[in-house]
Number of protein chains: 2
Amino acid sequence: MDGPNGKTVVERLRGAFDTLTRAERQLANALVDNYPMLGLESITTVAESAGVSTPTVVRMAKKLGFGGFPEMQATLRAELQATISSPIAKHDQWAENALEGHLLSRFADAVTENIRQTLNQIDKRTFDAVAELLSDQSRNVHVVGGRITRSMADHFFTHMQVIRPGVTQIASNSNSWPHYVLNMRPGDILVAFDIRRYEHDILRLAEMARARDVTIVLFTDQWGSPAARHAAHRFHARIEVPSAWDSTAVILFIAEALIAAIETHTWETTRARMNELEELFDRTRLFRKFV
Amino acid sequence: MDGPNGKTVVERLRGAFDTLTRAERQLANALVDNYPMLGLESITTVAESAGVSTPTVVRMAKKLGFGGFPEMQATLRAELQATISSPIAKHDQWAENALEGHLLSRFADAVTENIRQTLNQIDKRTFDAVAELLSDQSRNVHVVGGRITRSMADHFFTHMQVIRPGVTQIASNSNSWPHYVLNMRPGDILVAFDIRRYEHDILRLAEMARARDVTIVLFTDQWGSPAARHAAHRFHARIEVPSAWDSTAVILFIAEALIAAIETHTWETTRARMNELEELFDRTRLFRKFV
DNA sequence: AAGAGCCTGTAACAAAAATTTCAGAATTAA
DNA sequence: TTAATTCTGAAATTTTTGTTACAGGCTCTT
């Protein structure tokens, strides 16, 4: 696993990063980004991938304490060998050694595994059906979230609002929810986010919405919110991580993927809206470009 | 994962074994025994390790359907790459669901890869230092986000508010930001979220905060917000996905991991606060338990 | 603005890898 | 045993990779 000085290549790249020059940093970043595979290619390929010249590669290898490029490459192979022979070659093992066992990498493991499991359970047709449903601009969309999931709902709303008209965000104060129900028409869609601990108010809202022939799309956890029984479509995400809290990262992931799908469906309209939005930004100078 | 004929190198070695000559079998066995690492060495090393001549290696590679030794080696690299970098794509092959090529799985791949790359670049010490900083209850914490990242800031705030006292969420309307700056004291912390397109207002806020000796923790993308120069600590997340938008899932992931870390630091206080919160919930019946 | 000092890529060069040629060894068939 | 056939590696050759020298360019002083 270790090179000449008992350090892995990625450790050295990071350790010496400050002493590297512009082109060398560019190279170091490329190597770390595609660690360790890029380093196993020929020096020519490495240089081209990183957008630097081959001498830069040699110079950096020497700066890191290797005799030359082939020596660095041999070290990489040795690391790879060591890792490959360990039971499960999980991707995080490529991360810096020091991270091993660190909360951050355990968290990453959990989230990656959550994504995998969640994906395994999602029905592709549900996803496609929901994307199509939400692309139908004759239906209004109402978005609601609970105490923790409110920010997911907010994120989803922010994007949907750009993509299409007729999207409402339901305020977090549940006292005012009846007012929103008043505006729901048959055929409308209620997108609800509810994970444990499930909120009674969301169940009530779902009941009321359903009574008005509103189609409900629910983002929930693997156990399922009580509102699930009123939902026409459900996404069950895995949310457990090494923390006292659950992780909503996977829910966000599905929501973002859904946004991407809807966007594709409604691309003509969406593009026009996005352009218009850009113009408005420019005109109001609310947001300035950074060049 | 696949070579010219859609088969892995081992599969071909096994499949063609019968048609191989004595020296070639010797070589094939050596390659399989040390699969796949031996194949990544130079042709000379491979030949020596297997106890055959280099021409034998070339001949066998051609017999297996490769153009030459480098082509076989490139195939090996690609296999290895696929094995280590895409647990999900790999999983898809077994899953009945046949999500392959579906937007959802491409999205999942992108996010997983983003997590991996981001993790590769995060310095463990930065993470630990920030966790400790935010655990210091003598410092007030101010949280702010931009147009898109507002919901990340919101999520972070929601959790932090439970964990410790002295946390403020800065409203999204930037007109009122000076009011918030007024309340910032030296030693306070500003947690800012800013991804492209970077917002000028956040840069201004960071300037003002820094002038008051506030420590800035910045969540940004790989390119880095202009506010980065004022930040004491920065987290650079990868945010690119197959969509017109960027994905903030990785940012959320880091934020959640950070929350878990802070929670561990301040566990005594936090547990008390969480219990108290439970009681308040029960008493107000604002949120009911679902059993 | 001039000059020192450092970066960086081009280009020439050296080294090694990969391929091909070919002669002799091993094997097989008669 | 001998001749035909196939296999194999030494050696020559070609191709590619890796290294070095060097000059233009950039930045930072003065």
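Just so we're on the same page: letters track the sequence lines, and every chain starts at 1. Values reported hereafter were calculated over all heavy atoms of this structure, with side chains retained and with hydrogens, waters and symmetry mates removed.
Near DNA chain D, meaning a heavy atom under 4.0 Å away, the residues from residues 51-59 of chain B are B/Ser53, B/Pro55, B/Thr56, B/Arg59. Within residues 38-47 of chain A, the residues having any heavy atom closer than 4.0 Å to DNA chain D are, in order of number, A/Ser42, A/Ile43, A/Thr44.
A salt bridge links B/Glu240 with B/Arg196: the closest approach of a Lys/Arg side-chain nitrogen to an acidic carboxylate oxygen falls below 4.0 angstrom. Under 4.0 Å is where a charged nitrogen must lie from a carboxylate oxygen, and between B/Arg238 and A/Asp33 at least one such pair does.
Side-chain contact between A/Leu104 and B/Ile122 is present, with heavy atoms from C-beta onward closer than 4.5 Å. Considering only heavy atoms from C-beta on, B/Asp221 comes within 4.5 Å of B/Tyr198 through its side chain. In this structure, the side chains of B/Arg212 and B/Arg185 stay at 4.5 Å or more apart for every pair of heavy atoms.
For the pair A/Lys62 NZ and D/dA21 C1', the computed distance is 12 Å after rounding to whole Å. Here C/dT19 presents its C1' atom at 15 Å from CD of B/Gln73, a figure rounded to the nearest Å. Going from atom CZ of A/Phe69 over to atom P of D/dT19 covers 8 Å, rounded to whole Å. B/Arg22 places its CZ atom 11 Å from the C1' atom of C/dA25, with the value rounded to the nearest Å. Between the CD atom of A/Glu48 and the P atom of C/dG9 there is a distance of 13 Å, given to the nearest Å. Across the protein-nucleic acid pair, B/Met72 atom CE and C/dT19 atom P stand 10 Å apart, rounded to whole Å. If you measure from atom CD of B/Glu24 to atom P of D/dC7, you get 8 Å, rounded to the nearest angstrom. At whole-Å resolution of the value, CZ in A/Phe66 and P in D/dG18 are 15 Å apart.
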List the atom pairs, donor and acceptor, that lie under 3.5 Å between side-chain atoms in residues 57-65 of chain B and the rest of the protein, sequence neighbours left out.
unit_1  : atom_1 : unit_2  : atom_2 : d
B/Lys63 : NZ     : B/Thr19 : O      : 3.3
B/Lys63 : NZ     : B/Glu24 : OE1    : 2.8

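Using bins of under 30°, 30° to 60° and over 60° for the plane-to-plane angle, the ring pair B/Phe127/B/Phe235 lands in the perpendicular bin.
The environment of B/Glu132 atom CD is sparse: at most 12 non-hydrogen atoms of other residues, nucleotides or ligands sit within 6.0 angstrom.
Both tests hold for B/Arg12 against B/Phe66: distance to the six-membered ring centre under 6.0 Å, angle to the ring axis within 45°.
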